Amino acid sequence: MKCPFCGCNDTQVKDSRNADDDTAVRRRRECPECGQRFTTFEHVQLRDLMVVKKNGEKVMFDRDKLARSIYLAVRKRPIGNERVEKIVNSIQRRLESTGEAEILSTKIGDLTMDALATLDHVAYIRYASVYRDFREPKDFEEFLETLEKMAKITGEN
């Protein structure tokens, strides 16, 4: 594993343990060149997934991109990294278990929206504002009205 600090190609594993409901291995590494320590995660990948974007472009599924978008939505919210990693793992497993080699980007967005809706309402709204491309305050108002109607139907506050 290459050191992210100095670029040395020979880092040493100092500690390994299971992480994320035993779906990943967390490795603590140290660089012999600069002495910096960093953490890596090893995840199971069942198959290569291609994401079909709205414009038809196809790109490889990027787990880190999904994680970054969720971390951005939950930024400054009382949500731990473990919960975000569980959501990312869950979404990735669901996508891989479909048996499809190509997944629509809207499917990933919808799964993420569903997960955030049950996790944190503010994070859900933040993600929705980007995913649904809110352009003006009216878009937020309409979305919040829909949320309020859904909460009344399901009995949530």
Side-chain angles (χ1 to χ4, degrees), residues 1-2 4 11 13-29 37-135 137 139-157:
M1 175 65 63
K2 188 174 184 178
T11 59
V13 175
K14 294 297 182 181
D15 180 48
S16 291
R17 63 180 67 165
N18 289 337
D20 303 334
D21 296 336
D22 294 332
T23 61
V25 176
R26 178 184 181 271
R27 299 195 194 283
R28 195 72 183 133
R29 297 177 176 270
R37 289 181 168 232
F38 59 99
T39 302
T40 60
F41 290 89
E42 181 178 318
H43 297 274
V44 173
Q45 182 174 333
L46 297 176
R47 67 182 74 223
D48 289 334
L49 295 174
M50 294 297 292
V51 177
V52 181
K53 295 182 164 191
K54 291 177 185 176
N55 66 3
E57 179 186 0
K58 295 179 184 180
V59 296
M60 289 293 294
F61 173 74
D62 185 348
R63 182 186 190 288
D64 293 335
K65 182 177 178 182
L66 174 61
R68 281 191 308 272
S69 69
I70 296 172
Y71 277 116
L72 190 59
V74 302
R75 185 169 165 245
K76 295 186 179 182
R77 301 295 301 156
I79 297 161
N81 293 346
E82 300 82 27
R83 291 181 77 185
V84 172
E85 289 298 319
K86 284 181 184 180
I87 290 171
V88 173
N89 287 338
S90 173
I91 292 171
Q92 184 175 6
R93 280 194 303 269
R94 288 178 70 183
L95 295 172
E96 290 173 340
S97 67
T98 65
E100 300 291 326
E102 293 183 352
I103 306 291
L104 296 175
S105 62
T106 54
K107 175 72 173 172
I108 298 169
D110 291 343
L111 290 172
T112 305
M113 290 277 289
D114 292 344
L116 289 174
T118 60
L119 179 68
D120 184 85
H121 290 260
V122 172
Y124 176 64
I125 293 167
R126 286 178 178 169
Y127 187 86
S129 71
V130 175
Y131 178 60
R132 299 251 171 98
D133 196 24
F134 293 177
R135 295 193 180 271
D139 298 333
F140 281 95
E141 291 170 7
E142 290 171 359
F143 185 73
L144 290 173
E145 287 173 9
T146 303
L147 281 180
E148 289 173 358
K149 288 177 187 174
M150 288 172 49
K152 286 179 184 176
I153 291 170
T154 61
E156 296 178 14
N157 285 332

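Since the structure is predicted, the reported quantities are computational estimates derived from the model, not experimental observations.
- Residues Met50 and Met60 meet the side-chain proximity criterion, which asks for heavy atoms closer than 4.5 Å.
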Val74 vs Asp120, side-chain contact (heavy atoms from CB on, under 4.5 Å): CA-CA, chis, key distance, verdict: CA-CA 8 Å; Val74 302; Asp120 184 85; 5.6 Å; no
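- In this structure, Val122 and Ile125 have side chains that are not in contact, with every pair of non-hydrogen atoms separated by 4.5 Å or more.
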Report the C-alpha separation of Leu72 and Val130 in whole Å, then their side-chain angles, then the decisive distance to 0.1 Å, and conclude whether the side-chain contact (heavy atoms from CB on, under 4.5 Å) test is met. CA-CA 11 Å; Leu72 190 59; Val130 175; over 6 Å; no
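- Checking side-chain atoms of Arg126 against main-chain N and O of Arg75 turns up a donor-acceptor pair under 3.5 Å.
- Seen from the ring of Phe38, Lys2 does not count as a face-on cation partner, given the 6.0 Å and 45° thresholds.
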Check step by step if side-chain contact (heavy atoms from CB on, under 4.5 Å) holds for Thr112 and Tyr131. CA-CA 10 Å; Thr112 305; Tyr131 178 60; over 6 Å; no
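- For the atom pair CD of Glu141 and CG of Asp139, the computed distance is 9.0 Å after rounding to the nearest 0.5 Å.
- Summarising the geometry of Ala123 relative to Leu116, their closest heavy-atom pair is O-CD1, 4.0 Å, with the distance given to 0.1 Å.
- Separating the CD1 atom in Ile108 from the CG atom in Leu66 is a distance of 7.0 Å, to the nearest 0.5 Å.
- Expressed to the nearest 0.5 Å, how far CD1 of Ile87 lies from CD1 of Ile79 amounts to 7.0 Å.
- Of the possible polar contacts, one joining the Thr146 side chain to the Glu142 backbone as a donor-acceptor pair under 3.5 Å is found.
- Inter-residue side-chain proximity for Phe61 and Gln92 is flagged as met; some heavy-atom pair is nearer than 4.5 Å.
- Looking at every heavy atom in both residues, Ser16 comes nearest to Arg27 through OG-NH1, 2.8 Å.
- With rounding to the nearest 0.5 Å, the separation of NZ in Lys14 from CZ in Arg28 is 11.5 Å.
- Using a cutoff of 4.0 Å between basic side-chain nitrogens and carboxylate oxygens, Glu85 and Arg63 are scored as salt-bridged.
- Of all heavy-atom pairs spanning Ser69 and Tyr127, the tightest one is OG-CE1, 3.8 Å.
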Can you check side-chain contact (heavy atoms from CB on, under 4.5 Å) on Lys65 and Arg68, steps first, answer last? CA-CA 5 Å; Lys65 182 177 178 182; Arg68 281 191 308 272; 3.6 Å; yes
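- Taking CZ from Arg29 and CG from Asp15, the interatomic distance works out to 11.5 Å, rounded to the nearest 0.5 Å.
- Residues Phe143 and Ala128 share a closest heavy-atom pair of CZ-CB, 3.4 Å.
- In this structure, CZ in Arg77 is found 11.0 Å from CZ in Arg83, a value given to the nearest 0.5 Å.
- For the pair Ile70 and Leu119, the minimum side-chain heavy-atom distance is 4.5 Å or more.
- Contact annotation: the side chain of Val25 approaches that of Asn18 to within less than 4.5 Å [non-hydrogen atoms, C-beta and beyond].
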